[in-house]
Amino acid sequence: MQLRRLVSVLSLGHVITAFQTHADTHEICLSSPLLQHEVHVEQPICAAHTIQPAQNFIQVEPELWDENDERYIPAKDYKLSPPWKGPESCFTEFCIYSNKEIGGSGMVLITAARQAYLAAKFPVPAQSSIEPTAYYEKKIPGKGIGLVANRTIHKGEIIFRALPAMLIQATPHMDLDPEVREDLYRQAVDKLPESTREKFMKQMGDTIYAKMEKNAFRLYTDGDKAHSAHLASYPDVSRFNHDCRPNLHYRLRNLTHITVAVRDIPAGEELTISYIYGQEVKSERQSQLRAWGFECSCQQCTLSEADSAASDTRIRLIKELEEEIESKMASKDRGDAIRPEMGGKLVELYLAERLDTYLAPAFTRAALIYSMFGNEEKAREFATQAAEALVREYGPDARDYGSMKSLAEDPKGHWSWGIKVVSGEGVGEGRNRTRGKGK
Ligand SMILES: *[C@@H]1O[C@H](CO)[C@@H](O)[C@H](O)[C@H]1NC(C)=O
Ligand SMILES: *[C@@H]1O[C@H](CO)[C@@H](O)[C@H](O)[C@H]1NC(C)=O
Ligand SMILES: *[C@@H]1O[C@H](CO)[C@@H](O)[C@H](O)[C@H]1NC(C)=O
């Protein structure tokens with residue numbers, strides 16, 4: 001039965017990442033993330049029930065194109081160089097790889113050979129964050145340990161760039177037998193340097209699995225390919241408590257978790273991130289946070305009834321206004337019905353709602369709209385703000401950063417300048433311009 005299923009799956013031509021034969025039972029066990037995600041096999045077709053040494057696994061992964069070396073890497077060469085160790089302690093194709101030195105705090109992976117190879121190749125972040133004495137740990141009533149500013153932390157300052165202590169491929173995390181899984185996770189944690197292991201174990205959750213569930217972030221080691229989804233645990237980041245209107249924004253770049261201040265934070269204020277997408281009405285935010293296992297008690301969730309209703313109204317208005325702007329911009333006449341005030345209104349709503357972690361798109365839209373109507377002062381003002389917000393929220397490689405910077409410096413040279421200006425209205429310079437090559 002299992003064999004037949006295996007053969008039929010094989011004939012679909014999907015890539016098998018590993019298989020194992022049991023000499024005693026003549027059983028072939030196969031567990032491939034690709035199969036599970038793309039062919040929707042919910043369980044590994046057969047799961048071995050013990051953790052095995054690495055040699056028992058035959059890797060038949062596809063070759064991998066190496067951009068730097070400009071050559072294909074055959075699967076047998078998915079080797080990690082020292083100080084990386086592994087593969088060790090495998091369960092089907094998922095093995096432990098560890099590096100006690102990387103980033104100064106060490107890292108351990110539970111993943112397939114190809115993903116380990118890719119993960120180990122990512123650049124380690126440069127250490128340009130604020131000094132560690134700029135914040136300290138403190139017990140926060142009702143929330144456990146939190147981090148608090150020890151000086152004014154300025155908007156745009158990077159709190160830290162962290163590498164994960166543990167990186168676990170999503171497939172074994174979801175599919176493994178809980179006992180085997182916890183055993184494998186325990187063996188992995190034991191390979192971390194002691195101070196990192198302590199920080200890891202301090203995170204919320206009774207088991208290592210629960211700690212990952214509660215604290216980990218999802219990232220991909222191979223573009224956005226489903227089978228390269230991993231859970232990444234950053235014990236330092238776990239110390240930030242939740243706020244629906246946080247003072248920190250975070251982003252994941254390759255393996256690195258980067259936290260940035262989105263407003264000036266006075267000494268004594270707690271540093272917070274949002275565990276959810278904050279641009280939702282209160283009832284929605286609360287239901288999402290209940291899934292995280294707590295009742296939202298942040299300032300935004302404990303507003304008076306009137307303020308709370310006003311906040312929900314703003315959230316709805318923002319969505320409506322954004323949809324209106326989007327649909328008008330996309331229409332054939334390129335926003336004939338757009339009015340310049342729409343840009344100003346959008347920014348006003350975002351600021352009133354204190355959505356400081358999501359300002360880049362609002363400023364960008366506003367700057368473009370004002371530029372289209374030839375309003376130099378407002379185009380400059382919002383483009384300057386947009387460029388700063390883009391760096392905070394997406395980093396210096398943000399897609400629209402160059403465009404906003406040039407709009408701030410030279411509005412009249414920007415493709416968008418004056419394209420909505422008609423005779424007898426607005427400024428003159430824009431009138432004769434034809435539309436440029438676009439964004
Ligand atoms: C992410 O990793 C790729 C591949 O190693 C590298 O080229 C790129 O610069 C990295 N991106 C960042 C933001 O570190
Ligand atoms: C807070 O900053 C002061 C210097 O301004 C420093 O002496 C102190 O050690 C810092 N506190 C912590 C907990 O890092
Ligand atoms: C726009 O065109 C009008 C007439 O066609 C001309 O007089 C004016 O100088 C032009 N303006 C610019 C900025 O080119």
Side-chain angles (χ1 to χ4, degrees), residues 67-68 118 122-123 125-126 128 155-159 161 217-226 228-229 232 246 248-263 273-274 277-279 318-319 321-331 334-335 338 342-344 346-347 349-351 355-373 378-420 435-439:
E67 305 249 349
N68 298 332
L118 289 168
F122 284 128
S128 58
K155 181 154 89 169
E157 285 195 290
I158 292 175
I159 311 304
R161 298 167 202 265
F217 293 80
R218 175 170 285 243
L219 57 79
Y220 295 86
T221 45
D222 191 3
D224 55 1
K225 294 192 187 119
S228 79
L248 306 180
H249 180 271
Y250 72 82
R251 62 181 188 270
L252 287 158
R253 285 293 176 274
N254 293 334
L255 298 187
T256 308
H257 186 293
I258 305 168
T259 32
V260 186
V262 291
R263 49 180 179 257
I273 60 173
S274 179
Y277 179 61
Q279 211 169 317
I318 287 174
K319 279 188 186 157
L321 190 53
E322 279 176 340
E323 275 164 23
E324 194 182 347
I325 293 173
E326 274 313 289
S327 71
K328 285 182 174 156
M329 287 283 216
S331 67
R334 194 161 184 117
I338 293 253
M342 285 178 165
L346 188 65
V347 166
L349 286 166
Y350 268 85
L351 294 177
L355 290 166
D356 296 342
T357 50
Y358 306 107
L359 292 179
F363 281 134
T364 303
R365 280 200 178 96
L368 282 176
I369 293 174
Y370 280 111
S371 168
M372 285 161 68
F373 284 94
K378 290 230 150 86
R380 272 189 203 275
E381 177 193 330
F382 287 128
T384 306
Q385 301 255 43
E388 284 171 15
L390 282 162
V391 173
R392 286 198 302 275
E393 295 168 31
Y394 301 92
D397 51 357
R399 200 165 52 99
D400 292 328
Y401 176 66
S403 175
M404 285 299 115
K405 214 164 157 343
S406 69
L407 179 55
E409 281 159 12
D410 176 23
K412 292 177 189 174
H414 196 263
W415 66 266
S416 61
W417 180 254
I419 63 176
K420 294 307 301 172
R435 229 177 80 208
K437 56 182 156 39
K439 222 169 23 149

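Note that this is a predicted model, so its numbers are computed, not measured.
Side-chain atoms of Ser274 and Thr357, non-hydrogen and from C-beta on, never get closer than 4.5 Å to each other. Contact check for Leu255 versus Leu219: side-chain heavy atoms found under the 4.5 Å cut-off. Residues Glu393 and Leu359 meet the side-chain proximity criterion, which asks for heavy atoms closer than 4.5 Å. A 4.5 Å side-chain heavy-atom check between Gln279 and Tyr358 finds at least one atom pair inside the cut-off.
Across all their heavy atoms, Arg380 and Glu409 have their closest contact at NH1-O, 3.0 Å. Shortest non-hydrogen contact noted between Gly223 and Ser228 is O-OG, 4.5 Å. In plain terms, the two heavy atoms of Leu407 and Ser371 that are nearest each other are CD1-OG, 3.6 Å. The two atoms that bring Ala408 and Thr384 nearest to each other are CB-OG1, 3.6 Å, heavy atoms only. In terms of heavy-atom proximity, Leu346 sits nearest to Glu322 at CD1-CG, 3.7 Å. Minimum interatomic distance between Tyr394 and Ala360 (heavy atoms only, all atoms of both residues): CE1-CB, 4.0 Å.
To the nearest 0.5 Å, atoms CG (Leu355) and CG (Leu349) are separated by 9.5 Å. Here the OG1-CG distance, from Thr364 to Leu368, works out to 7.0 Å after rounding to the nearest 0.5 Å. Here CD1 of Ile158 is found 4.0 Å from CZ of Arg161. Values are rounded to the nearest 0.5 Å. Atom OH of Tyr250 and atom CD1 of Ile258 lie 13.0 Å apart (nearest 0.5 Å).
Judged as a side-chain contact (heavy atoms from CB on, under 4.5 Å), and not counting sequence neighbours, the contacts of Ala366 are Val347, Phe382. Scored by the side-chain hydrogen bond (donor to acceptor under 3.5 Å, both in side chains) test, Thr259 finds no partners at all (sequence neighbours excluded).
Not a single donor-acceptor pair under 3.5 Å links the side chain of Glu157 to the backbone N or O of Ala261. A donor-acceptor contact shorter than 3.5 Å is absent between the side chain of Tyr370 and the backbone of Arg365.
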message = If you apply the rule side-chain contact (heavy atoms from CB on, under 4.5 Å), what do you find for Asp410 with Lys412, and how did you get there?
response = CA-CA 6 Å; Asp410 176 23; Lys412 292 177 189 174; 4.2 Å; yes

ask   = Do Lys155 and Val260 pass the side-chain contact (heavy atoms from CB on, under 4.5 Å) test, and can you show the C-alpha distance, the side-chain angles, and the key distance before you say yes or no?
value = CA-CA 8 Å; Lys155 181 154 89 169; Val260 186; over 6 Å; no

message = Could you walk me through whether Tyr350 and Phe363 satisfy the ring pair (Phe, Tyr, Trp, His ring centres under 6.0 Å) test, starting with their C-alpha distance in whole Å, then the side-chain angles of each, then the deciding distance to 0.1 Å, before giving a yes or no?
response = CA-CA 9 Å; Tyr350 268 85; Phe363 281 134; 8.5 Å; no

ask   = Is there a salt bridge (charged side-chain N to carboxylate O under 4.0 Å, His left out) between Lys328 and Glu324 once you walk through the steps?
value = CA-CA 6 Å; Lys328 285 182 174 156; Glu324 194 182 347; 2.7 Å; yes

key: Audit row: Ile338, Ile369, side-chain contact (heavy atoms from CB on, under 4.5 Å) steps and yes/no   = CA-CA 8 Å; Ile338 293 253; Ile369 293 174; 3.9 Å; yes

Verdict with supporting geometry, Arg392 and His249, side-chain contact (heavy atoms from CB on, under 4.5 Å) = CA-CA 8 Å; Arg392 286 198 302 275; His249 180 271; 5.9 Å; no

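No donor-acceptor contact under 3.5 angstrom links the side chains of Tyr401 and Glu388, judged on distance only. Defined by atom type and a distance below 3.5 Å, a donor-acceptor pair is present between the side-chain atoms of His414 and Ser403.
Annotation for Asp397: atom CG counts as buried by contact number, over 12 foreign heavy atoms lying within 6.0 Å.
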